[in-house]
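All figures in this text were calculated on a predicted structure; none of them were measured in a lab. Throughout, numbering of the chain's residues begins at 1 and tracks the sequence. The basis for the numbers below is simple: all heavy atoms, side chains too, and nothing from hydrogens, waters or symmetry mates.
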Amino acid sequence: MTIDPSSIPNFGAQPQPQAAGTAGPVVPDQDLVKQLLDQMELKYVVDDEGDLAAPWEEFRTYFMFRGEGDQQVFSVRTFYDRPHAIDDKAKILDAIDDWNRRTLWPKVYSHVHEEEDGGPTTVRLIGEAQMLIGTGVSLEHFVSSTVSWVRASIEFDKWIVETFGLTPAEEKSGEEKPADDA
């Protein structure tokens, strides 16, 4: 199974001619996600648990398959690496509640992170979107959802930077793209 490049939502490039879609539902797998990430020109790695991850400067997005049979789920989960002070947790929860009310994805939640080196306990944010895929899905739906989830993960990072007046990653590194040091 291959992804029709014209089915990938446009990131500003000129549209390509439409080609015929696939016949019937597909059960996506990691190879399909790798092909999609390659076509989106996103760098990725496979972690120790076998999950795909696309790293950016301030976050990393994982593409995971969990469950079996009809209950198999595809999850796009983004771990935002910026630590927030534990004392700011109430303010952070108010902000992400606002995000979750106004947007479809990613749904964002907090995680209290205890530093291994004895450093201060901090709050980290995690965004997630899921799709039940065990019975098969339209390839076009899978592609457009996955691309939308990646874009929304990037938009959340921009939003949280604006909301809390943080330093954007592109000002630190000089550009906005996946990190090379994954």
- [ ] Could I get the full list of ring-ring contact (aromatic ring centres under 6.0 Å, His included) partners for Tyr62, not counting sequence neighbours?
- [x]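 Applying ring-ring contact (aromatic ring centres under 6.0 Å, His included) to Tyr62 gives Phe79.
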Task: Any residue meeting ring-ring contact (aromatic ring centres under 6.0 Å, His included) with Phe63, in chain and number order, not counting sequence neighbours - done: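 For Phe63 there are no ring-ring contact (aromatic ring centres under 6.0 Å, His included) partners, ignoring immediate neighbours.
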TODO: Could you walk me through whether Asp157 and Trp56 pass the side chain to side chain contact (heavy atoms under 4.5 Å, CB included) test, one step at a time?
DONE: CA-CA 10 Å; Asp157 186 64; Trp56 275 265; over 6 Å; no
Would you mind checking if [Y] and [X] are paired as a salt bridge, meaning a charged N to carboxylate O distance below 4.0 Å?
{"X": "Arg102", "Y": "Asp98", "result": "yes"}
{"X": "Asp51", "Y": "Arg66", "result": "yes"}
{"X": "Arg77", "Y": "Glu128", "result": "yes"}

Distance check, rounded to the nearest 0.5 Å: [X] atom [atom1] versus [Y] atom [atom2]?
{"X": "Asp29", "Y": "Gln72", "atom1": "CG", "atom2": "CD", "value": "8.5 Å"}
{"X": "His84", "Y": "Leu93", "atom1": "NE2", "atom2": "CG", "value": "11.0 Å"}
{"X": "Thr121", "Y": "Asp87", "atom1": "OG1", "atom2": "CG", "value": "10.5 Å"}
{"X": "Glu162", "Y": "Glu155", "atom1": "CD", "atom2": "CD", "value": "9.0 Å"}
{"X": "Leu37", "Y": "Thr146", "atom1": "CG", "atom2": "OG1", "value": "8.5 Å"}
{"X": "His113", "Y": "Ile86", "atom1": "NE2", "atom2": "CD1", "value": "11.5 Å"}

Open item on the list: Go through it in stages, so that I can follow the logic: the residues are Val76 and Met131, the test is side chain to side chain contact (heavy atoms under 4.5 Å, CB included), and I'd like the CA-CA distance, side-chain angles, deciding distance and then a yes or no.
Closed with: CA-CA 9 Å; Val76 175; Met131 177 188 303; over 6 Å; no
Could you pull out the closest heavy-atom pair between [X] and [Y], with the gap in Å?
{"X": "Ala95", "Y": "Thr163", "result": "CB-CG2, 4.3 Å"}
{"X": "Pro55", "Y": "Lys43", "result": "CD-O, 3.7 Å"}
{"X": "Pro106", "Y": "Asn100", "result": "O-OD1, 3.9 Å"}
{"X": "Trp99", "Y": "Trp105", "result": "CZ2-O, 3.9 Å"}
{"X": "Gly119", "Y": "Asp117", "result": "N-OD1, 2.9 Å"}
{"X": "Ile96", "Y": "Ser110", "result": "CD1-N, 4.0 Å"}

Do [X] and [Y] have side-chain heavy atoms sitting under 4.5 Å apart?
{"X": "Ile92", "Y": "Leu125", "value": "yes"}
{"X": "Glu58", "Y": "Leu166", "value": "no"}
{"X": "Leu52", "Y": "Asp47", "value": "no"}
{"X": "Asp88", "Y": "Val123", "value": "no"}
{"X": "Val27", "Y": "Phe74", "value": "no"}
{"X": "Leu104", "Y": "Trp149", "value": "no"}
{"X": "Val137", "Y": "Pro25", "value": "no"}

TODO: Give the C-alpha distance, both sets of side-chain angles, the deciding distance and a yes or no for side chain to side chain contact (heavy atoms under 4.5 Å, CB included) between Phe65 and Gln30.
DONE: CA-CA 8 Å; Phe65 294 88; Gln30 193 175 75; 4.2 Å; yes
Open item on the list: Please say yes or no: joined through hydrophobic side-chain contacts below 4.5 Å, possibly via intermediate residues, are Ile154 and Phe156 part of one cluster?
Closed with: yes
Open item on the list: Assigning hydrophobic clusters by single linkage (Ile, Leu, Val, Met, Phe, Trp, Tyr; side-chain heavy-atom cutoff under 4.5 Å), is Met64 placed with Leu36?
Closed with: no
Task: Val33 vs Tyr44, side chain to side chain contact (heavy atoms under 4.5 Å, CB included): CA-CA, chis, key distance, verdict - done: CA-CA 10 Å; Val33 176; Tyr44 59 87; over 6 Å; no
Open item on the list: Connecting only ILVMFWY residues whose side-chain heavy atoms lie within less than 4.5 Å of each other, what is the rest of Leu132's hydrophobic cluster?
Closed with: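 Direct or chained contacts put Leu132 with Val73.
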- [ ] Would you tell me whether Thr61 and Thr78 have side-chain atoms, one donor and one acceptor, within less than 3.5 Å of each other?
- [x]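 Yes, because at least one side-chain N or O of Thr61 sits under 3.5 Å from a partner of the opposite role on Thr78.
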TODO: Give the ring-plane orientation class for Phe59 versus Tyr80, where under 30° counts as parallel, over 60° as perpendicular and anything between as tilted.
DONE: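 Because their plane-to-plane angle lies in the 30° to 60° range, the rings of Phe59 and Tyr80 count as tilted.
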Open item on the list: Heavy-atom count check: over 12 atoms from other residues, nucleotides or ligands less than 6.0 Å from Asp48 CG?
Closed with: no
